[in-house]
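The block underneath contains the structure these notes are about, expressed in structure tokens.
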Amino acid sequence: MLQAVERKIEQFIADLDDKEVSALYKQLPSGKRLRAKLILKIAGSELSVIKTAAIVEMIHAASLLHDDVIDDAYTRRAKPSLNALYGNKTSIMLGDILYAKGFFELGVISPEIATIISNAVIQLSLGELKDVSLSKAFSTNTAGYLEMIYQKTASLMEASAGAAALLAGKPKEDYMIYGKNLGLAFQMIDDLLDITADEATLGKPALHDFKEGKTTLPYIYLYEALCEEGQARLRSLHTKNLTGDEQLWIKAKMQEYGIIEKAYSQAKALVEEAIALMRFRNEEVLVGIALQMIERDF
Ligand code: FPP
Ligand code: MG
């Protein structure tokens with residue numbers, strides 16, 4: 001059914017009747033389509049469901065186009081990002097086009113679906129702004145970090161699951177918690193992989209978040225665990241182009257204090273709550289999607 005979503009996105013792009021946009025869109029990596037998968041697994045394959053999934057993926061793609069400009073990221077999914085290939089202006093405008101077309105189509109579906117998805121887009125924009133602000137200085141604000149990843153990443157997954165439940169006539173609250181917890185865990189694990197995975201697996205330089213100024217959960221926990229001298233050293237490395245020795249020091253300290261396990265267990269607890277909700281509703285496929293998220297190697 002994911003193929004039907006791909007075809008729908010292609011059709012929405014073709015509607016724009018613009019050769020440059022079609023050619024640019026073809027160069028975007030399609031990604032895991034996690035949000036579309038959730039929508040289809042919750043709501044089936046009626047046309048309004050396929051359209052909602054296509055719209056959400058277009059909005060998500062738009063947000064990543066803008067995010068790569070904001071983050072000065074030159075790779076996305078192990079390929080050169082669109083901003084690396086064609087510059088920031090092209091990326092921003094393609095993002096705007098995907099976003100605007102998504103919203104146009106959202107208006108055609110139903111006011112309820114439009115409200116839930118557009119509210120999430122407000123949240124994700126606020127979250128991205130918070131991410132930028134938090135990255136300006138070394139920050140150990142755990143609550144601020146959790147609110148930021150909720151807005152930046154979990155809000156659109158929460159809304160995707162809620163919209164799908166609405167379309168399927170299922171009670172939306174449990175599905176929204178499921179989507180929200182998966183989104184939070186997804187971002188926490190993404191932040192962990194930035195530390196544990198190598199460049200080839202990540203498709204972007206390792207420890208890139210800290211260089212970008214992002215003090216993600218593992219860095220907050222590490223800071224809390226370190227002695228004063230270590231804390232000063234960690235602060236001094238923030239936003240720096242790290243040498244091999246500095247990278248090794250961060251990784252060794254993370255290991256010494258069990259930081260990866262600590263952050264991972266927090267992500268796991270969120271996924272387990274999501275699984276329990278879906279088990280209760282006999283949504284075994286959704287249980288499986290959640291399990292896949294935590295059964296990854298670090
Ligand atoms: C990736 O975070 C970024 C997001 C999930 C949200 C970005 C949101 C916006 C740019 C605002 C909304 C804009 C539109 C057009 C809808 P990350 O940098 O932590 O993850 P990454 O490693 O995948 O880059
Ligand atoms: Mg980014």
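For reference, positions follow the sequence shown, starting with 1. Ligands are counted one by one from 1 in listed order, and the atoms in each one are counted from 1 as well. Below, all heavy atoms of this structure are taken into account, side chains as well, without hydrogens, waters or symmetry copies. Predicted, not measured: the structure shown is a model, and the values here were computed from it.
- Taking the ring-ring contact (aromatic ring centres under 6.0 Å, His included) definition, one finds that Phe12 meets it with nothing, sequence neighbours left out.
- Under the 4.5 Å side-chain heavy-atom criterion for Ile, Leu, Val, Met, Phe, Trp and Tyr, Leu126 and Ile116 are members of distinct hydrophobic clusters.
- Considering the Mg ion (ligand 2) as centre, the angle to OD2 of Asp71 and to OD2 of Asp67 is 100° (10° rounding).
- Side-chain contact, Tyr219 with Asp191: no donor N or O sits under 3.5 Å from an acceptor N or O.
- Close contacts between ligand 1 and Lys214 involve ligand atoms 17 (P), 18 (O), 19 (O) [criterion: under 4.0 Å to a heavy atom].
- Here's the thing with Asp131: none of its N/O atoms is less than 3.5 angstrom from an N/O atom of ligand 1.
- At least one N/O-N/O distance between Asp67 and ligand 1 falls below 3.5 Å.
- By the criterion of a heavy-atom distance under 4.0 Å, neither the backbone nor the side chain of Asp194 is placed next to ligand 1.
- For the pair Glu128 and ligand 1, the shortest N or O to N or O distance does not fall below 3.5 Å.
- Remark: ligand 1 atoms within the under-4.0 Å shell around heavy atoms of Gln187 are 19 (O).
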Validation: residues 38-50 side-chain donor-acceptor distances under 3.5 Å, sequence neighbours left out:
none

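- The shortest N/O to N/O separation between Arg76 and ligand 1 falls below 3.5 Å.
- Put simply, part of Asp190 is less than 4.0 Å from ligand 1, judged by heavy atoms.
- A heavy-atom distance below 4.5 Å is not found between the side chains of Glu246 and Leu207.
- Glu283 and Tyr175 are linked by a side-chain donor-acceptor pair at a separation below 3.5 angstrom, with hydrogens and angles left out of the test.
- Close approach of ligand 1 to Leu124 is summarised as follows: ligand atoms under 4.0 Å from at least one heavy atom of the residue are 6 (C), 8 (C), 12 (C).
- Ligand 1 lies nowhere less than 4.0 angstrom from a heavy atom belonging to His60.
- Heavy atoms of Ala73 stay at 4.0 angstrom or farther from ligand 1.
- Listed by number with element, the atoms of ligand 1 under 4.0 angstrom from any heavy atom of Ser125 are 11 (C), 12 (C).
- In terms of polar-atom proximity, defined here as any N/O pair under 3.5 Å, Lys152 does make such a contact with ligand 1.
- Using a 4.5 Å cut-off on side-chain heavy atoms (C-beta onward), Lys180 and Met157 make no contact.
- Residue Glu212 places every heavy atom at 4.0 Å or more from ligand 1.
- Side-chain contact between His66 and Asn83: absent, with no pair of heavy atoms (C-beta onward) separated by less than 4.5 Å.
- Residue contacts with ligand 1 for Asp71 involve side-chain atoms from C-beta outward but no N, CA, C or O (heavy atoms, distance under 4.0 Å).
- A donor-acceptor contact closer than 3.5 angstrom is absent between the side chains of Tyr178 and Glu273.
- Residues Tyr150 and Gln187 form no side-chain contact, since every pair of their non-hydrogen atoms from C-beta on lies 4.5 Å or further apart.
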